Enquirer: 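Please see the structure below; I have some questions.
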Amino acid sequence: MASYNHEEIEKKWQKKWKESGIYDTENRDTTKGKEYVLVEWPYPSGNLHIGHWFAFAVVDIYVRARRMHGKQVFFPMGFDAFGLPAENAAIKNNLNPKEWTDKNIAYMKGQLESMGNAFSWDKTTSSTDPEYYKWTQWMFTKFFENDIAYRGEGIVNWCSSCNTVLANEQVLPEGDCERCGNQVEKKKMDEWKMRITKYADRLIDDLDSLDWPESIKESQRNWIGRSEGAEIDFPLSLSLYGGEVVFATNNHGKLERMQKLFDAAGFSIKLKTPLEIGVKDFNVEEDRPTLEENAEKKARALAEKTDLPVLADDSGFFIDGEEIDPVTVKRNALAGQSEEGMTIEEVGNLMITYYQNVAKARGGSVDAEWHNAFCLITSKKIVSHTQTTRPVTLTDEPKGVMNPYLPLRSLYISKVTGKHVLLQSDEEELEELNPIIKGIQNLFTPSIKVFTTRPDTLYGATYMVLAPEHPLVEKFKGVVSNWDEIEAYQKETATKDDIVRTTENKEKTGVKLEGVLAINPANQEEIPVFIADYVLSGYGTGAIMAVPAHDERDFAFAKKFKLATKEVVSNKLTDENIFTGEGTLINSGEFDGLTSEEAKGKITKKVGGEMKSTYRLRDWSVGRQRYWGVPIPIVYDKEGKAHPVPEKHLPWLLPEDVDFRPTGEPPLAKSKELLERTEKIFGDGWTPEVETMDTFVDSSWYFLRYIDNENGTEFSSMEKQKEWMPIDIYFGGAEHTTMHLLYSRFWQKVLFDLGLVTESEPYKRRINRGLVLGPDGNKMSKSKGNVIDPDEQVKRLGSDAVKMYLAFMGPYGETTNYPWDLGGIVGIRRFLERVDKMIDKENIMDSEDVHLERHLHQTIKKVGGDIELYKFNTAISQLMIFLNQMQTLKVSKNTLEIFLRLLAPFAPHLTEELWERLGNMTSIHLEEWPEFDESKLVSDTVSIAVQIHGKVRGLVESPSGSSEDEVLALVRKDEGLSKWIEGEPKRVIYVENKLINLVF
RNA sequence: GCCGGGGUGAUGGAAUUGGUAGACAUAAGGGACUUAAAAUCCCUGGGCCGCAAGGCCGUGCGGGUUCGACUCCCGCUUCCGGCACCA
């Protein structure tokens, strides 16, 4: 077999390159332009597969070409070494994940070296190195302090087999665990999260500035899923706040009366006195000029002492605009007697008697006004402030039993009902108190907030739907007449997983909340309210306004439940009587005639809504109940409050005294050392966080560490970042588009906002790559027996051939999957052997064939240009064409050397060897990229296609740059073409050096 | 359903962005060398008709624009990727 010994050559040069350190970066050579080329750091599974070669070796072609173009290229490599496989392997083989990982890293490093890539090995790192994860933890504490990292309740995906929480992305479409295939359950629990949703807008908007393929940007936009619309409140026409409210009064009579009224109004509110919630001696001086201010003062004072909603009032009788001061009345009633030793009843009775006398003295009846002010505070915020006035008459003829708690009220008769105030029926009193009741209703059953992208259709909202899990639903208990039915439906929904709920169950189901009505804020119409599982609790507000005439889902639901449909956007309705597009408004009051676009904002404004965006994206869950990850650097004090571990205690080391077999309890919870460490540093009773971080956290900033991998005081200095960032191009797998790529962009933005990085976007350009399939066209898998082992291929045909073949399969910048062709790689090897032989050719000439020289310059141009476009396949094709051309001729040493330089990025070992064989003493990889001469690209004569009526009928040879007439003359002379020529052409189209088209 | 990208020989893929479709490579067929095989080299290599010269057809399908369309426009079809009862 006539062939070169690739094994020997590759070993020889890999050793020399390593010794001379020609690919090390050390400090930047600032005389050269920088170029940061990044590839995704691999997980050290223990064996390099062909995918790694596709990811790294092909990119190396680009890297080497850029080096030859005079760039200081930074091409680092490291290991993303935390993660589940190590833990599982350790469990299986009964050893430590750290040992397993370190061993794999060492082995894979050797395999990676066999690629012969120009990696900047002096700048490597690994996520498992404490010097690395120290900074991962440090960032976490910064994020925690800035409310980016937080602990909050969430519904999580739980795999009971892996005993861990999974991110949505880690759940397969069938609802199975990505790692083990087990069915994933939904579970409510507290979890560590990152507020990525806060960055949703920026993550979308900043895409515009990036030089990325549109498809990747679009995937991210879809993933974030921004919809622009409005949030609108629909008040309920029935109040049903269920809960406790503290009434800021010590007056039992007042409280009882108010409680009675609430009960009668349908409130399920329990009023409590300050004493009942443990506030003794609640007493606030009513010294403000108005009732309203006094009510507010009382409410605020009490709200300081409780988290419950607080209601306070102040009321009084006014005669001729003057308040009848209760203190004065009381003093007059007591007439010098001491209050000491008297009961409230006794004082009250004295006041009643006194008042009767006043009324008598004035002729039996005096016109007055009863003013009633309320203030309601929840969470320290005033939610309502009302005052009502009703005309009453003071009387000397009390009826029924006097109420000593409300002595003044016992003596007034309502002018509205003509009845004694204390004897009015609840209905009568409620009617009088209507403004207050309304006001309070609004507070207590606020309303249902909906999100809609179509506020223009508000007038067409004929019913509402809440998600079955909507928190408001619980408050309807005791109010609706069909609670059993509602509860049953909720249970049914909870057992269904999302897949069943969305795909299998297109048929609409739901339950009406009997007795509950909402008010369409646009037209004040009362509309029914349902719960139905077609409304998702996690999206928008978990509630919708339903517009059956203009939404298919609402239409389907309305049809099934026979609900009213109201058309508000004019258009031809389909057969189904539904139109989901935008148009001109009708049946919409003052908005009739507006376009949907115009009406959206206006209608929202009218009903007090707010234009708002919602997102499909959820906050990123980052806690994992597993061992082999970065410990979350949080400790809890005795009260259970979380504190970040201070920087001086970082790295917060992963304990080693742990049984990491999955038991449902996080492995770190079993570490004595970790607990002792925590108590020793922070004090007795303090406990450590026992969760570790999602490995996507590790990979969210590794590119920043590469550039400053030995820095002991910062994760990456601003100086180094200014030198190297942003990443000029990031090559990676399409599967990372919506996870790693989005997370790391988010991470970078947070760091940017904290002033810790120079760039708000890490990756200037991004190229996704597809997969290498097995020879049978299927995804490689052991079970299919179609796995191509790169080591074997390298041994058989050489690293250069493997790399070149992977580059030759197709264009690199696309996500096409290419099958490995066993014959194809042989073709590459044949090419390399012909190159080897070519250099051995004894008869190298001094002078150059002009013809060949032109091809050489064309080749320089083509190969260089294609590499810039990641079209390594056509670059290689051009090198093959040129070799074919050289083989029929004698060539100069200069031409051969240029050819080798063009080939060097593709076949670094062989070209280095042949470069040496031609007598060069320095590395070919330190050479510059050859330049082409524009003037030598064109030949003296060209063959021009002759078309008749647009069809090619022949060719004519003509001098380059000939005029139309000159070419036409040649055409006329051509015998073969004569039969197509019929006199004078009506029209001639001539494209210089290309074609001439004659039309007759 | 919405969005993005495709469909070219037996196969992977080319085509300077409207200008000679199928470069380069693989598989296949034929030949040379060889006792033979491997390797290597040479020839053929989209389909149909034809001894040939040559002709007709041909880039998923149907229309259109143009002197000329793989390329642009309209309609369909199909495959791949992202999202999806997302209001």
Side-chain angles (χ1 to χ4, degrees), chain A residues 1-3 213-227 229 450-454 457 465 467 498 501-503 505-508 532-536 538-547 550-554 556-557 580 614-616 734-735 737-738 768 770 777 805 808-811 814-828 830-831 833-834 837 861-862 865 871 873-881 883-884 887 943-955 976 979 985-1000:
Chain A
M1 177 159 38
S3 71
E214 192 53 38
S215 58
I216 304 180
K217 292 186 186 182
E218 202 52 33
S219 290
Q220 290 209 347
R221 287 190 196 108
N222 284 342
W223 186 261
I224 296 167
R226 172 164 68 190
S227 346
V450 303
F451 173 74
T452 178
T453 54
R454 295 295 302 275
T457 62
V465 186
D498 288 354
R501 225 175 122 164
T502 55
T503 57
N505 191 22
K506 286 275 181 188
E507 176 79 4
K508 298 281 181 287
D533 65 1
Y534 84 93
V535 173
L536 310 172
Y539 185 79
T541 59
I544 62 155
M545 65 179 210
V547 186
H550 305 291
D551 182 283
E552 284 180 29
R553 295 150 302 183
D554 297 343
F557 190 85
T580 56
T614 49
Y615 307 89
R616 197 199 75 100
E735 70 277 16
T737 303
T738 53
N768 274 4
Y805 172 62
F808 188 61
M809 291 188 305
E814 291 170 19
T815 50
T816 321
N817 301 330
Y818 302 112
W820 179 276
D821 181 352
L822 294 160
I825 190 169
V826 173
I828 295 289
R830 278 183 202 141
F831 165 76
E833 280 175 11
R834 281 163 56 212
K837 266 193 233 145
K861 185 180 180 185
K862 173 82 174 150
K871 292 168 80 169
N873 56 333
T874 48
I876 292 169
S877 148
Q878 183 61 39
L879 289 166
M880 287 171 166
I881 292 168
L883 179 68
N884 290 345
Q887 272 184 331
S943 73
I944 291 177
V946 181
Q947 296 187 339
I948 311 293
H949 291 295
K951 276 185 199 279
V952 178
R953 295 302 181 183
L955 298 171
K979 63 174 174 178
K986 265 193 251 164
R987 195 174 164 193
V988 178
I989 294 101
Y990 175 63
V991 182
E992 191 179 291
N993 292 347
K994 279 271 156 63
L995 65 74
I996 187 161
N997 188 8
L998 308 181
V999 183
F1000 293 96

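A, B, ... follow the sequence lines: proteins, then strands. Residue 1 opens every chain. This structure is a prediction, so every number in the text was calculated from the model and none was measured.
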Enquirer: Using the side-chain heavy atoms of A:L995, tell me which of these nucleotides is nearest: B:C86, B:G12, B:U20.
Expert: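 Between B:C86, B:G12, B:U20, the one nearest the side chain of A:L995 would be B:U20.
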Enquirer: Got a salt bridge between A:E833 and A:R830, using NZ or NE/NH1/NH2 to carboxylate O under 4.0 Å?
Expert: no
Enquirer: A:N884 has a side chain; which of B:A87, B:A25, B:G19 sits nearest to it?
Expert: B:A25
Enquirer: Go through A:T737 and A:Q220 one step at a time and tell me if the side chain to side chain contact (heavy atoms under 4.5 Å, CB included) criterion holds.
Expert: CA-CA 7 Å; A:T737 303; A:Q220 290 209 347; 4.3 Å; yes
Enquirer: Which whole-number value in Å describes the distance from A:D533 CG to B:C86 P?
Expert: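 Roughly 13 Å, once rounded to whole Å.
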Enquirer: Just call it for A:F808: base, sugar-phosphate, or nothing, with non-hydrogen atoms closer than 4.0 Å on any strand.
Expert: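 Contact class for A:F808: base.
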Enquirer: Determine which nucleotide pairs with B:U40, using a 3.5 Å limit on both distances of a Watson-Crick or G-U wobble pair.
Expert: B:A32
Enquirer: In whole Å, I'd like the distance from the OH atom of A:Y615 to the P atom of B:A84.
Expert: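 Distance, rounded to whole Å: 17 Å.
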Enquirer: Give a yes or no answer on whether the side chain of A:Y818 reaches the backbone of A:P811 with a donor-acceptor pair at less than 3.5 Å.
Expert: yes
Enquirer: Roughly how far, to the nearest 0.5 Å, is the OG1 atom of A:T874 from the CZ atom of A:F808?
Expert: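 Going from the CZ atom of A:F808 to the OG1 atom of A:T874 covers 9.5 Å.
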Enquirer: Would you mind pulling out the nucleotide paired to B:G81, Watson-Crick or G-U wobble, both distances under 3.5 Å?
Expert: B:C3
Enquirer: Apply the syn/anti split at 90° from 0 to B:U78 and say which one it is.
Expert: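 Nucleotide B:U78 adopts anti.
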Enquirer: Between A:I828 and A:R454, just flag the one whose closest nucleotide in RNA chain B comes earlier from the 5' side.
Expert: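 Taking each residue's closest nucleotide, the earlier one in sequence belongs to A:I828.
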Enquirer: In Å, rounded to the nearest 0.5 Å, how long is the span from CZ of A:F557 to CD of A:E507?
Expert: 11.0 Å
Enquirer: Taking the side chain of A:S219 as its heavy atoms from C-beta onward, which of B:G82, B:U40, B:C41 lies nearest to it?
Expert: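 Taking heavy atoms from C-beta onward, the closest nucleotide is B:G82.
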Enquirer: CD1 of A:I948 versus C1' of B:G55: gap in Å, rounded?
Expert: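 Rounded to the whole Å, the gap is 15 Å.
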Enquirer: Which listed nucleotide (B:C67, B:A87, B:U20) is nearest to the side chain of A:V952?
Expert: B:U20
Enquirer: Would you kindly give the CG-to-C1' distance between A:L998 and B:G19, to the nearest whole Å?
Expert: 14 Å
Enquirer: Between B:C2 and B:G75, how far is it from one P atom to the other, in whole Å?
Expert: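 Looking at atom P only, B:C2 and B:G75 are 13 Å apart.
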Enquirer: Please tell me if A:N222 has a side-chain N or O lying less than 4.0 Å from either OP1 or OP2 of B:G81.
Expert: no
Enquirer: Provide the distance between the two P atoms, one in B:C83 and one in B:A25, to the nearest whole Å.
Expert: 41 Å
Enquirer: Name the residue closer to the 5' end of RNA chain B, choosing between A:K862 and A:I876 according to the nucleotide with the nearest heavy atom.
Expert: A:K862
Enquirer: OP1 or OP2 of B:A87 sitting under 4.0 Å from any side-chain N/O of A:Y534?
Expert: no
Enquirer: If B:A14 has a Watson-Crick or G-U wobble mate with both distances under 3.5 Å, name it; if not, just say none.
Expert: none
Enquirer: For a quick test of reading the model: is some side-chain N or O of A:R616 closer than 4.0 Å to OP1 or OP2 of B:G82?
Expert: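 So the side-chain polar atoms of A:R616 never come under 4.0 Å of the phosphate oxygens OP1 or OP2 of B:G82.
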Enquirer: Taking only N and O in the side chain of A:N873, is any of them less than 4.0 Å away from OP1 or OP2 of B:C24?
Expert: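 No.
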Enquirer: From CD of A:E552 over to C1' of B:C85, roughly how many Å is that when rounded to an integer?
Expert: 10 Å
Enquirer: Hey, does the side chain of A:K871 come within less than 4.0 Å of B:A15's phosphate (OP1/OP2), counting only N and O?
Expert: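 Answer yes for this pair, as a side-chain N or O of A:K871 is under 4.0 Å from OP1 or OP2.
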Enquirer: Among the candidates B:C86, B:U26, B:U20, find the nucleotide nearest to the side-chain atoms of A:L536.
Expert: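 Among B:C86, B:U26, B:U20, the one nearest the side chain of A:L536 is B:C86.
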Enquirer: When syn is taken as a glycosidic angle within 90 degrees of 0, is B:G9 syn or anti?
Expert: syn
Enquirer: Only counting residues at least two apart or in another chain, list the ones meeting salt bridge (charged side-chain N to carboxylate O under 4.0 Å, His left out) with A:D551.
Expert: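 Result, salt bridge (charged side-chain N to carboxylate O under 4.0 Å, His left out) vs A:D551: A:R553.
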Enquirer: Between N or O atoms, less than 3.5 Å apart, protein on one side and nucleotides 56-60 of chain B on the other: list the pairs.
Expert:
from	atom 1	to	atom 2	distance (Å)
B:C56	OP1	A:R953	NH2	3.4
B:C56	OP2	A:R953	NH1	2.9
B:C57	OP2	A:K951	NZ	3.4

Enquirer: Let me confirm one number: the OG1-CD distance from A:T815 to A:E735, rounded to the nearest 0.5 Å.
Expert: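 Reported value, rounded in 0.5 Å steps: 11.0 Å.
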Enquirer: Tell me whether the side-chain N/O atoms of A:T738 come closer than 4.0 Å to OP1 or OP2 in B:G82.
Expert: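 So the side-chain polar atoms of A:T738 never come under 4.0 Å of the phosphate oxygens OP1 or OP2 of B:G82.
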Enquirer: If we call it a pair only when both distances are under 3.5 Å in a Watson-Crick or G-U wobble match, what pairs with B:G22?
Expert: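 Checking every strand shown, B:G22 finds no partner, since no pair has both distances under 3.5 Å.
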Enquirer: Any carboxylate oxygen within less than 4.0 angstrom of a Lys/Arg side-chain nitrogen, looking at A:K871 and A:E814?
Expert: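 Between A:E814 and A:K871 there is no salt bridge, as every charged N stays at least 4.0 Å from the carboxylate O atoms.
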Enquirer: Considering only atom P, compute the distance from B:C43 to B:G58 and round it to an integer number of Å.
Expert: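 It comes out at 31 Å once rounded to the nearest Å.
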Enquirer: Scan A:R834 against the nucleic acid and name what it touches under 4.0 Å (heavy atoms): base, sugar-phosphate only, or nothing.
Expert: sugar-phosphate
Enquirer: Whole-Å distance between B:G19 P and A:N993 CG?
Expert: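 After rounding, the reported distance stands at 15 Å.
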Enquirer: Among B:C24, B:G13, B:C67, which nucleotide has an atom closest to any side-chain atom of A:Y818?
Expert: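 For the A:Y818 side chain, the nearest candidate turns out to be B:G13.
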Enquirer: B:G4 P sits how many Å from A:K217 NZ, rounded?
Expert: 14 Å
Enquirer: Can you sort out the partners of A:Y805 under ring pair (Phe, Tyr, Trp, His ring centres under 6.0 Å), two or more places apart, ordered by chain and number?
Expert: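 For A:Y805, the residues satisfying ring pair (Phe, Tyr, Trp, His ring centres under 6.0 Å) (neighbours in sequence not counted) are A:W820.
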Enquirer: Scan every strand shown for a Watson-Crick or G-U wobble partner of B:G46, both distances under 3.5 Å, and answer none if you come up empty.
Expert: B:C57
Enquirer: Sub-3.5 Å donor-acceptor pair from the side chain of A:N997 to the main-chain atoms of A:G950, do we have one?
Expert: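 Side chain of A:N997 to backbone of A:G950: a pair is present.
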Enquirer: Quantified in whole Å, what is the C1' atom distance between nucleotide B:G9 and nucleotide B:C57?
Expert: 15 Å
Enquirer: Measure the distance from NZ on A:K986 to P on B:G68 and round it to the nearest whole Å.
Expert: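 Rounded to whole Å, this separation is 12 Å.
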